[in-house]
Amino acid sequence: MNQSLYIHNSLTRRKELFEPLNPPHVGVYVCGPTVYGDAHLGHARPAITFDLLFRYLTHIGYKVRYVRNITDVGHLENDADEGEDKIEKKARLEQLEPMEVVQYFTNRYHHNMEQLNVLPPSIEPRASGHIIEQIELIKKILEAGYAYESNGSVYFSLDKYAKSYPYGELSGRVLDEQAIQTRNLDGQDEKRFPLDFALWKKAAPEHIMHWPSPWSEGFPGWHLECTAMSTKYLGDTFDIHGGGMDLLFPHHECEIAQSTASLGHESVRYWMHNNMITINGQKMGKSLGNFITLNEFFDGSHQLLEKAYTPMAVRFFILQAHYRSTVDFSNEALQASEKGLQRLMSGIHLLQKLQPSEKSTVNIDDMEQKCYQAMNDDLNSPMVIAHLFDGLRIINLVNDGKETIAEVDLQQLKKTYHHFVFDVLGLKDEKQTNKQTELINGLMNHILQMRMQAKANKDFVTSDSIRHMLNELGIEVKDRKDGFDWSIQD
RNA sequence: GGUUUCUUGGCCGAGUGGCUAGGCAGAGGUCUGCAAAACCUUGUACGGCGGUUCGAAUCCGCCAGAAACCUCCA
C-alpha cells in the first residue's frame, strides 16, 4: 500500500512502476477464450493470473474496470486468413446454430471460472456483438491508408505500416526487408504482401455467420475484436492489456498495429503475459492433444490423473508458481499443492481459535509488509504463499503455548491472512458450511464429547467402539491434547 | 534457421552480487491408553567451462540441453 506496484511490461521486457492513467481508475483488458470447447488447465492460467491482478488492484484501492472478451466469431482454424471459423466448424459437426455452440461453452466456461473462484469481469463483450465497432475501426484504418480492399475483403497493409511505425517491438520480430520488397508471385492471392492480415473477410457462400459491410457480406478478422472492444470500453489509451504468451505474436502485435494505424498511437500502456502450463515439458494445447479439461480435473476422469483435484487445489497449484514461469503439470506436484493448501487452511482455522495473551513473544509486524512487498514485485504469489507458511509456524507455536500473542497482534494476523488468502489470492475454504453441515457438526460434537467422557473414565472399550463406528461411516477421528478433530474421508 | 526465454537440493518451485525462500516427500523428536493426525527440528542446491569482482548460483562470454513463438492454441 505504502509502496508501489511494479509490473513486468512485455513491451519493454522489464519491471516498471505501475502508474495508472486516471487514478484511482484502472482499465484492464484480457483476451478471453474462443468458446468452441471446454476450458482446459491452460485456460485457467490467464484467468487466475489476471484474477489475481484484478483482486490485488482492487484490494489496494483502485477502481478497476476489467474487460475480458468472449471470442465467438472470426477465429479461423488456419493461418490468419484461411480455413474454417472454429465456432462454425463445431456448429456444423454438432448440427447446432453457431450461437448455440457459443452459449453452451460460454456457460460451461463461466461455471468453471466460478469453481476456480475467478471473479467475473466488469464487462464481458462478445465479438459478434461488436460488428459495427469493428467495421468503424476498419474504416478508420482505411482512411489512414494502412489497409486496402481486395475482392470484398480488407487487409491490413503491414509493409506500409512498417514504414511509418515500428513493427514487431512486442515480439522482437523484424519484418524482413526482402520479404517486403518481394512481390507475391501468386496472382490468386488477395494479399499484396504475405504478412498482411485480414481485417474483414468476404464470406464464402457456405459460411453461416456473416454481416453486411461496405465491402461485402462477411465477417471480421480475429485480431480486430480486441482492438475494437478494448478501446470502446477502456478508451483510446488504457492501462493494462493481458493474455497468454502464445498470443504475443501475431495476435497482440497485430492489435498494436491496428490501434496505432487507426489512432496514431498505441493504446496499451502495460502489456502483461502469463506463461504456459506444460505437461511433460511440452505445452498443453489443443493442437497437441495433450490437454486436460478443468472438468476432468474436478472429477478425475482423465487417464493421466491419479485422482480428482478440487478447484482450489488447481488454483493453489497455479498460484504457487510465478505467472511468468512455465509450470509443469504432474500428479505429484498437484498433490503436493493439495496438501500444502490443506495445511494452510487448517492453520487459518486454528488462527480463529487462538487465545490472546498479555503480550506478544512473536514478531508479526513485518509479515503483512512482506506480503505486500511480494505482491508489489510483479504479483509474486509464490512468495506471498511462502510468507503465509512462515506465519503458520507462528500460529502453531502460539497454539502449542510455546509463544504468546497479544490481542492487537492477533487481530493484525487474522486481518493479514484474510486479506491475502481470501481477498487477494482468491482461495476459499472448500468445506462448505450450510444447514446440513451445521447439523452434522453439532451431532459430531455431541458424539465425540461422549467419547471424551468415556476416555476420561478409562472406558476405552466404549471410546474405541465409538471411533470404530464413525470410521465405518467414513469419518476419521483425531485425538488432540485438549479435545478432538474429525474429518470426512474422501 | 529467426525471435524470446529457461536450466536451482529426491520432486515442485521462489530469490538474490556477500545474509535459512517456501511446499511435498524423507529423517529425528514431542504429544499420546491405543491409533491416526498434528506440531517441532532437520536439508546448504543453483547445467558445463571461462571472465569481471575482495566475493557470483546471482553480472558478462562461450558451450551443452530444453521450451515457447515464427500456422490455430491461454
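Numbers restart at 1 for each chain; the letters A, B, ... are given by sequence-line order, proteins then strands. Keep in mind the model is a prediction, meaning the values are calculated, not measured.
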Within the structure shown, what part of the strands sits under 4.0 Å from [X] by heavy-atom distance: base, sugar-phosphate, or nothing?
| X | result |
| --- | --- |
| Met276(A) | base |
| Lys339(A) | sugar-phosphate |
| His387(A) | nothing |
| Val477(A) | base |
| Leu247(A) | sugar-phosphate |
| Ser325(A) | sugar-phosphate |
| Ile277(A) | base |
| Gly42(A) | base |

Expressed as a whole number of angstroms, how long is the span from [X]:[atom1] to [N]:[atom2]?
| X | N | atom1 | atom2 | value |
| --- | --- | --- | --- | --- |
| Lys458(A) | rU32(B) | NZ | P | 11 Å |
| Leu379(A) | rA14(B) | CG | P | 14 Å |
| Tyr323(A) | rG15(B) | OH | P | 11 Å |
| Ile292(A) | rC73(B) | CD1 | C1' | 16 Å |
| Gln320(A) | rA14(B) | CD | P | 10 Å |
| Leu294(A) | rA74(B) | CG | P | 12 Å |
| Phe316(A) | rG13(B) | CZ | P | 14 Å |
| His251(A) | rC69(B) | NE2 | P | 15 Å |

Do [X] and [Y] sit within salt-bridge range, that is, some charged N less than 4.0 Å from a carboxylate O?
| X | Y | value |
| --- | --- | --- |
| Lys370(A) | Asp390(A) | no |
| Asp51(A) | Arg55(A) | yes |
| Glu124(A) | Arg68(A) | yes |
| Lys283(A) | Asp246(A) | yes |
| Arg126(A) | Glu225(A) | no |
| Glu338(A) | Lys307(A) | yes |
| Asp38(A) | Arg108(A) | yes |

Check the phosphate of [N] against [X], side-chain N and O only, distance under 4.0 Å to OP1 or OP2. Yes or no?
| X | N | result |
| --- | --- | --- |
| Asn380(A) | rG15(B) | yes |
| Asn396(A) | rA38(B) | no |
| Arg324(A) | rU5(B) | no |
| Arg68(A) | rA74(B) | no |
| Arg343(A) | rG22(B) | no |
| Lys402(A) | rU30(B) | no |

When you compare [N] with [M], how far apart are their [atom1] atoms, in angstrom units rounded to a whole number?
| N | M | atom1 | value |
| --- | --- | --- | --- |
| rC46(B) | rC19(B) | P | 14 Å |
| rC59(B) | rG18(B) | P | 11 Å |
| rG22(B) | rC31(B) | P | 26 Å |
| rA45(B) | rA56(B) | C1' | 15 Å |
| rA68(B) | rC63(B) | C1' | 22 Å |
| rU5(B) | rG61(B) | P | 12 Å |
| rC62(B) | rU42(B) | P | 42 Å |
| rA25(B) | rG47(B) | P | 26 Å |

Using Watson-Crick or G-U wobble geometry with both distances under 3.5 Å, which nucleotide pairs with [N]?
| N | answer |
| --- | --- |
| rG43(B) | none |
| rA38(B) | rU30(B) |
| rG55(B) | none |
| rA66(B) | rU5(B) |
| rA14(B) | none |

- prompt: After noting the C-alpha distance and the side-chain angles of Arg92(A) and Glu84(A), does the key distance pass the salt bridge (Lys or Arg N to Asp or Glu O under 4.0 Å) rule?
  reply: CA-CA 11 Å; Arg92(A) 180 171 56 74; Glu84(A) 199 171 359; 3.0 Å; yes
task: Please evaluate the base of rC34(B) for a donor-acceptor partner in the side chain of Arg467(A) within a cut-off of under 3.5 Å?
output: yes
- prompt: Hey, does the side-chain of Asp464(A) have a donor or acceptor N/O within less than 3.5 Å of a partner on the base of rG33(B)?
  reply: yes
From the set [options], return the single nucleotide nearest to any side-chain atom of [X].
| X | options | result |
| --- | --- | --- |
| Arg451(A) | rA14(B), rC34(B), rC39(B) | rC34(B) |
| Asp400(A) | rG13(B), rA68(B), rC39(B) | rC39(B) |
| Gln282(A) | rA68(B), rG33(B), rU5(B) | rA68(B) |
| Lys283(A) | rG13(B), rU5(B), rA68(B) | rA68(B) |
| Ala336(A) | rG23(B), rG33(B), rU4(B) | rG23(B) |
| Thr34(A) | rG13(B), rC40(B), rA74(B) | rA74(B) |

task: Taking the side chain as every heavy atom from C-beta outward, state whether Leu354(A) and Leu410(A) have any pair of such atoms under 4.5 Å apart.
output: yes
message: Using the six-membered base ring of rG33(B), report whether Phe460(A) stacks on it, requiring centroids under 5.5 Å and planes under 30° apart.
response: yes
query: Between Phe317(A) and Phe389(A), who's closer to the 5' end of RNA chain B by nearest nucleotide?
result: Phe317(A)
Earlier contact from the 5' end, RNA chain B, for Glu332(A) and Gly285(A): Glu332(A)
